[in-house]
Amino acid sequence: MDYKKLANRLFPEEYKPLSYYEEIYPPRALEKGAEVTRLAPSPTGFIHLGNLFVAVANERIAHRSGGVLYLRIEDTDLKRKVDGAVEAVIEAMSYFDIHFDEGAEIEAANEYAPYYQRQRAELYHAFAKSLVEKGRAYPCFCAEEELTALREKQTAEKKITGYYGVYAKCRNLTEEEIYQNLDAGKPYVLRLKSLGNPENKLKFRDEIKGEITVTENDQDVVILKSDGIPTYHFAHAIDDHFMRTTLVLRGEEWLSSLPVHIELFDALGFVRPRYGHNCSLMKQDGETRRKLSKRKDPELSLGFYRQEGYHPRAVKVYILTLLNSDFEDWYRKFPDKPFEEFPFKASKMSKSGTLFDLDKLNDVAKNEFARLSAEEAYDFLCGWAQEFADEEQKTYFADRKYMLRVLNLCMGTAGKKRRKDFATAKEAVNLLSYFFSRPVSYEPYRVTQEDRNAILRDFLAGYSAADDAQLWFEKVKAVAEKEGFASDMKAYKACPENFKGSVSDVAEVLRIAVTGKANTPDLWSIMQILGKKETAKRISEQIS
Ligand code: GLU
């Protein structure tokens, strides 16, 4: 077979010699050990938690080693392209403090551009042509129905499905048949002519999974589709080579294609990058663990964390905790050090499914929220509210000073032991609503209506906003005593049957009347913040 002739027929265009591309995309001048990693999303508009996990790992590995993190857009599948998706990726990543050094829509030297696969057709075609010239790629004219029939036959015969070996019909077409098909204008795809034998097993070092066994590829995979657009396999090999990626860290769903990629790099004469395959994110669902699903689990979408108002740092801390199991200890020891100092390593990443647990994230988020100063909390909550809160909630932020007093009370004094009430901005804004408007609902009172009325009346009779916390409490105790509740906890505990309840029940009545809730920060302080008029009004409205 005259491969050169075939190559010229399939690719009539004269391309530059392949060495040209090696020259214009030379190996990067980086320090030894510097890693070049990338994020390579398809612009589908849906960025998910899995992308963020891989992005955090890629970012840490690149930047810890003095290397480069770049953004490549895998837009070969036009049907899935959504306008604004690239900006959305950049924006979503920057929210979590992940910044690209180069790539699509990034202002930088961008020496390895273009970063959109659609704009790299020349490269793909030049190399596809070279594979045809070497007899390592051939046109396949099989129609969709033929391939479906083949798959069904293989399934029925319990054979591995695919286009390989004896099933790879077009691999054995004669020169004459090929030209006949081409002359007839039959559509075709370009396939790799695999030389592999699945009986051969190779040892392979995955940066995350460690040593694994890989079966040699024998699939004649498609490298260019009938419209000349490359498949992921082919584009990956060309791009990661010419963008000089040193470490391909990607989702585990690509592990099964690794043998194809190994063969492609060899066929193209490229040195392979190293690979790390990140395990899938799992969720505990009753007794079983399953993969997080787009349909069932809103938390898979990154938009979820924005809408709920998780502080980006909290999400990052939790992701780092899951990515490198020693991060938690390190962070406990050095809570104030920048994350950059943590010795992040691909080899410490989990080898099998990572359990993503929203309850754990909430615990982390409460801790992280408690680390904010009142001012930082104000800015964060206010930013969230402008985007996601209702009109009434937005007004909470009009009086900054007032909100700061509220936050100082509800979070506790900085430096001291802080309250940990809020996991998200949404939760915080909802929980703080009683400082801005009358409660819309009340948790149940645990005393009789008669006692409740008496307690509220007695309290109002003696209430003065000028009382300090101590005097205020003396007065609450006096109310307790008057109404048959123990003012002294010790006495109450010794003989509870002698009392209707204790002073804490009395305080709870006041608390619910003022805030709607049985659990709040210090009630005296709340009354101080609300002021005498509002406090008295709320209490008297609860007397029935
Ligand atoms: N476009 C692929 C994806 O979104 C990229 C995989 C990779 O990182 O190589 O899954």
Side-chain angles (χ1 to χ4, degrees), residues 35-62 67-82 85-90 92-93 98 100-105 112 114-120 123-124 204 206-209 214 217 221-223 225 229-265 268 270 272-281 291-294 300-302 323 346 349 354:
E35 299 275 16
V36 180
T37 66
R38 82 294 194 280
L39 209 65
S42 302
T44 57
F46 182 68
I47 328 167
H48 58 76
L49 196 61
N51 298 133
L52 183 60
F53 266 73
V54 170
V56 170
N58 273 317
E59 190 277 335
R60 281 295 71 233
I61 290 167
V68 172
L69 171 71
Y70 71 85
L71 175 65
R72 179 171 75 227
I73 300 302
E74 308 219 319
D75 56 354
T76 52
D77 196 351
L78 259 197
K79 272 177 277 160
R80 297 163 69 205
K81 184 163 184 289
V82 172
V86 178
E87 290 73 11
V89 171
I90 296 172
M93 291 301 139
I98 293 173
F100 298 98
D101 305 299
E102 62 179 54
E105 309 303 324
Y112 295 84
Y115 297 92
Y116 286 89
Q117 289 186 326
R118 283 254 149 195
Q119 297 168 18
R120 300 171 65 79
L123 262 168
Y124 305 133
F204 188 87
D206 185 280
E207 296 294 314
I208 296 171
K209 297 191 181 293
V214 171
N217 173 57
V221 291
V222 175
I223 57 175
K225 295 182 232 174
I229 302 285
T231 54
Y232 168 77
H233 306 307
F234 193 54
H236 149 57
I238 302 280
D239 293 344
D240 280 312
H241 174 67
F242 283 110
M243 293 179 179
R244 306 295 174 179
T245 310
T246 61
L247 174 63
V248 172
L249 209 81
R250 61 185 176 186
E252 176 169 72
E253 65 275 20
W254 295 109
L255 189 57
S256 58
S257 317
L258 183 62
V260 173
H261 301 156
I262 293 176
E263 187 171 14
L264 271 171
F265 270 87
L268 289 161
F270 298 158
R272 293 195 299 258
R274 283 153 32 253
Y275 287 89
H277 291 90
N278 184 34
C279 57
S280 307
L281 296 178
K291 274 194 196 168
L292 275 177
S293 116
K294 187 169 168 181
L300 186 62
S301 151
L302 288 191
L323 281 175
M349 286 166 71
T354 297

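Values in this document were obtained by computation on a predicted structure and should not be read as measured data. Order of appearance sets the numbers: ligands from 1, and atoms from 1 within every ligand.
Considering backbone and side-chain atoms alike, Glu74 places an N or O below 3.5 Å from some N or O of ligand 1. Considering backbone and side-chain atoms alike, Arg250 places every N or O at 3.5 Å or more from each N or O of ligand 1. Between Glu253 and ligand 1, no N or O atom pair is found at a separation short of 3.5 Å.
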Begin from the C-alpha positions of His236 and Tyr275 and carry the test ring-ring contact (aromatic ring centres under 6.0 Å, His included) through to its verdict. CA-CA 12 Å; His236 149 57; Tyr275 287 89; 5.7 Å; yes
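Listed by number with element, the atoms of ligand 1 under 4.0 angstrom from any heavy atom of Tyr232 are 5 (C), 6 (C), 7 (C), 9 (O). Those atoms of ligand 1 with a heavy atom of Arg38 less than 4.0 angstrom away are 7 (C), 8 (O), 9 (O).
The aromatic rings of Trp254 and His261 are tilted relative to each other, their planes meeting at an angle between 30° and 60°.
Atom 10 (O) of ligand 1 has as its closest protein heavy atom Trp254 NE1, 3.3 Å.
Defined by atom type and a distance below 3.5 Å, a donor-acceptor pair is missing between the side-chain atoms of Tyr232 and Gln117. A donor and an acceptor atom, one from each side chain of Tyr112 and Asp239, are nowhere located under 3.5 Å apart.
Between Ala40 and ligand 1 there is a heavy-atom distance shorter than 4.0 Å.
Contact annotation: for His236 versus ligand 1, there are no heavy atoms closer than 4.0 Å.
For Asn58 (side chain) and Leu69 (main-chain N/O), no donor-acceptor pair under 3.5 Å exists by modelled atom type. With Arg118 contributing its side chain and Thr76 its backbone, the two residues share a donor-acceptor pair below 3.5 Å.
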